[in-house]
Amino acid sequence: MKDYKIKIENVVASTQIGENIDLNKIAREIKDAEYKPKQFPGLVLRTKDPKAAALVFRSGKVVCTGSKSVEDARRAVKQVVNIIKSLGIEVYDDPDVRVQNIVASADLGVDLNLNAIAVGLGLENIEYEPEQFPGLVYRLRDPRVVVLIFGSGKMVITGGKKPEDAKRAVEKISEELQALGLM
Amino acid sequence: RLRKWQRRIRISNATERNLAFALSELDRMASALGLPKSVRETAAVIYRKAVEKNLIRGRSIEGVVAAALYAACRQAGVPRTLDEIATYSRVDRKEIGRTYRFIARELGLKLLPTSPADYVPRFCAALGLSGEVQKKAIEIIKKAEEKELTSGRGPTGVAAAAIYIASILTGERRTQREVAEVAGVTEVTIRNRYKELAEKLGIEIIL
DNA sequence: GCTTTAAAAAGTAAACT
DNA sequence: AGTTTACTTTGGAAAGC
């Protein structure tokens, strides 16, 4: 069994850093903060290293996206906490950061016949509408992730909460395709 | 007891009213799209099944009608693109597309993606091309599918490129612009597809 | 359902040069 | 015609309409 390398492209995490956060104050004092309450209730804060974007809500809940690793997501959240704390706003010291979704990519290294794969995996288990999108959508129940499979053999794995989920999904799919003689 | 009976009549009236509206909407769209009676009937069957399974909940009647028509066209081998269907519907392409996926899954409609070949007769007719060109275009598409040059590509783009090449090979040349117009794709797409087909299928095109 | 964030895949599209 | 930018699909959280 080949050892496919999975690349984590994006990590989405959420946490709570305090309560009743004064978003207007943050918006006033941080020049690159975006806050359009009429359009969206969250304030957007971006960190450069690691590169990430955080959505801060009045409730103190925070959503962090764009990190390339779970550890980077945690580092980004700490930076956001420090920025807000420096404004004199009360915040928690050690927020419990929970990973909500991990987007990863992988490459099987061979071209694929998506029509054959659609039939092989079962039309009732997949979605493939090239008129609308070039990728075949395959939903796995274990691990619980969604995989986009392309004719180039490259794929996108999303919906998992652990890097391990993406790895298992790719292994499972390569095994299924090989068993079906489609690889 | 009487109340229960009256409620049933009321529900029955609403159901019949909705069905009548759906069928008239179906007829209106089918006429606008120039679809044969058999396709309308297939679409009506799909719509009725969707109603029986309560798939209309949370969706508009017009959206389900459009999706049923889209599915019926594909099943009959005379596909219309979502854009064409949407042109005659109040519902946008995106909504028709997701409604189609939903009812196709719930009703167990097992449809493979449309083959580019299914678009050839209609596009060639619109371009005034002969049966010889059609045959050549379909031949090119079959080879393209065998060599896996169609995975992930839009069926109309592949059909347009094949027709463009076939029209040149048979001396009934049409411009990329003319083919793009009837196929509903851009000239850039025809260019990309025909270059790939010509190169990988070893077809020489003298411009 | 929508709004906003981020990122990848590959095809198609539109706006410029 | 070539380049760039942008939209299609997938997943998840947040607060509110």
Exercise. Give A:S105 one of three labels, base, sugar-phosphate or nothing, depending on what nucleic acid heavy atoms sit under 4.0 Å from its own.
Key: nothing
Exercise. Check every atom of D:dA14, C:dA6, D:dG11 against the side chain of A:R46 and return the nucleotide holding the closest atom.
Key: C:dA6
Quiz item: Do A:V81 and A:P95 have side-chain heavy atoms sitting under 4.5 Å apart?
Solution: yes
Quiz item: Of B:G154 and A:M155, whose nearest nucleotide on DNA chain C comes first from the 5' end?
Solution: A:M155
Quiz item: OP1 or OP2 of C:dG1 less than 4.0 angstrom from a side-chain nitrogen or oxygen of B:R59, does that happen here?
Solution: no
Quiz prompt | Sugar-phosphate, base or nothing in reach of A:V146, heavy atoms under 4.0 Å | solution = sugar-phosphate
Exercise. Please report, rounded to the nearest Å, how far the P atom of C:dT3 is from the CG atom of A:L43.
Key: 20 Å
Quiz item: In whole Å, what is the span from the CD atom of A:E9 to the P atom of D:dT9?
Solution: 20 Å
Quiz item: P atom, C:dA13 versus D:dT9: distance in rounded Å?
Solution: 15 Å
Quiz item: Distance between the P atoms of C:dA9 and D:dA1, in whole angstroms?
Solution: 28 Å
Exercise. Starting from C1' on C:dT12, measure out to CG on B:N192 and report it in whole angstrom.
Key: 9 Å
Quiz item: Is the distance from OP1 or OP2 of C:dA10 to the nearest side-chain N or O of A:S152 less than 4.0 Å?
Solution: yes
Exercise. Consider the side chain of A:P134, meaning its heavy atoms from C-beta on, and name the nucleotide among D:dT8, D:dA15, D:dT10 that approaches it most closely.
Key: D:dT8
Exercise. Whole angstrom is fine here: how far is it from CD in B:E95 over to P in C:dG1?
Key: 9 Å
Quiz item: Hey, is the side chain of B:R101 poking within less than 4.0 Å of OP1 or OP2 on D:dT10, counting only N and O atoms?
Solution: yes
Self-check item: Check: B:S115/B:E145 side-chain N/O donor and acceptor closer than 3.5 Å
Solution: yes
Quiz item: Rounded to whole angstrom units, what separation is found between the CG atom of A:L114 and the P atom of C:dA10?
Solution: 11 Å
Quiz item: What is the base-pairing partner of C:dA7, counting Watson-Crick and G-U wobble geometry with both distances under 3.5 Å?
Solution: none
Practice problem: Select one nucleotide: of C:dT4, D:dA14, C:dA6, the one nearest the side-chain heavy atoms of A:N10. | Solution: C:dA6
Practice problem: In whole angstrom, give me the gap between the P atoms of C:dC2 and D:dT8. | Solution: 11 Å
Practice problem: Mind checking B:K94 for me? I need base, sugar-phosphate or nothing, with any heavy atom below 4.0 Å counting as a touch. | Solution: sugar-phosphate
Self-check item: Nearest listed nucleotide, side chain of A:V12, among C:dA7, D:dA15, D:dA13
Solution: D:dA13
Quiz item: Between A:I157 (CD1) and C:dA8 (P), how many Å, whole number?
Solution: 14 Å
Quiz item: Which one, C:dA9, D:dG11, C:dT5, comes nearest to the side chain of A:T158?
Solution: D:dG11
Quiz item: Between the side chains of A:E19 and A:Y92, is a donor N or O closer than 3.5 angstrom to an acceptor N or O?
Solution: yes
Practice problem: Tell me what A:G60 touches on the nucleic acid: a base, only sugar-phosphate, or nothing, going by heavy atoms under 4.0 Å. | Solution: nothing
Quiz item: So which of B:E25, B:E95, B:E62 actually passes salt bridge (charged side-chain N to carboxylate O under 4.0 Å, His left out) with B:R90?
Solution: B:E62
Quiz item: Any idea which of C:dA7, C:dA10, C:dA6 is nearest the A:F150 side chain?
Solution: C:dA10
Quiz item: Of the nucleotides D:dT10, D:dT8, D:dG12, which has the atom closest to the A:V156 side chain?
Solution: D:dT10
Quiz item: From D:dG12, C:dT5, C:dT12, pick the nucleotide closest to the side chain of B:T189?
Solution: C:dT12
Quiz item: Between A:G151 and A:N101, which is nearer to the 5' end of DNA chain C once each is assigned its nearest nucleotide?
Solution: A:N101
Quiz item: Taking CZ from B:R191 and P from D:dT3, how many angstroms apart are they, rounded to a whole number?
Solution: 13 Å
Review item, side-chain donor-acceptor pairs of residues 194-206 of chain B, under 3.5 Å, at least two apart:
unit_1: B:E196; atom_1: OE1; unit_2: B:R193; atom_2: NH1; d: 2.7
unit_1: B:E196; atom_1: OE2; unit_2: B:R153; atom_2: NH2; d: 3.2

Quiz prompt | Sugar-phosphate, base or nothing in reach of A:E34, heavy atoms under 4.0 Å | solution = sugar-phosphate
Quiz item: So what does A:G135 touch, heavy atoms closer than 4.0 Å: a base, only the sugar-phosphate, or nothing?
Solution: nothing
Quiz item: Do the side chains of A:L123 and B:L111 get nearer than 4.5 Å, heavy atoms only?
Solution: no
Practice problem: Check whether the side chains of A:Y138 and A:E176 place a donor and an acceptor atom closer than 3.5 Å, and report yes or no. | Solution: yes
Exercise. Check every strand shown and say whether A:V145 touches a base, only sugar-phosphate, or nothing at a heavy-atom separation below 4.0 Å.
Key: nothing
Quiz item: Once you round it to whole Å, what is the distance between P of C:dA13 and CD of A:E131?
Solution: 11 Å
Quiz prompt | A:K51 side-chain proximity, nearest of C:dA7, C:dT5, D:dA13 | solution = C:dA7
Quiz item: Quick one: are B:Y47 and B:I103 in side-chain contact, heavy atoms under 4.5 Å?
Solution: no
Quiz item: Is any side-chain nitrogen or oxygen of A:R98 closer than 4.0 Å to OP1 or OP2 of D:dA13?
Solution: no
Self-check item: Candidates D:dA14, D:dT9, C:dG11 - which lies nearest the side chain of A:F40
Solution: D:dA14
Self-check item: 5' priority, DNA chain D, between A:R139 and A:Q132 [closest heavy atom]
Solution: A:Q132
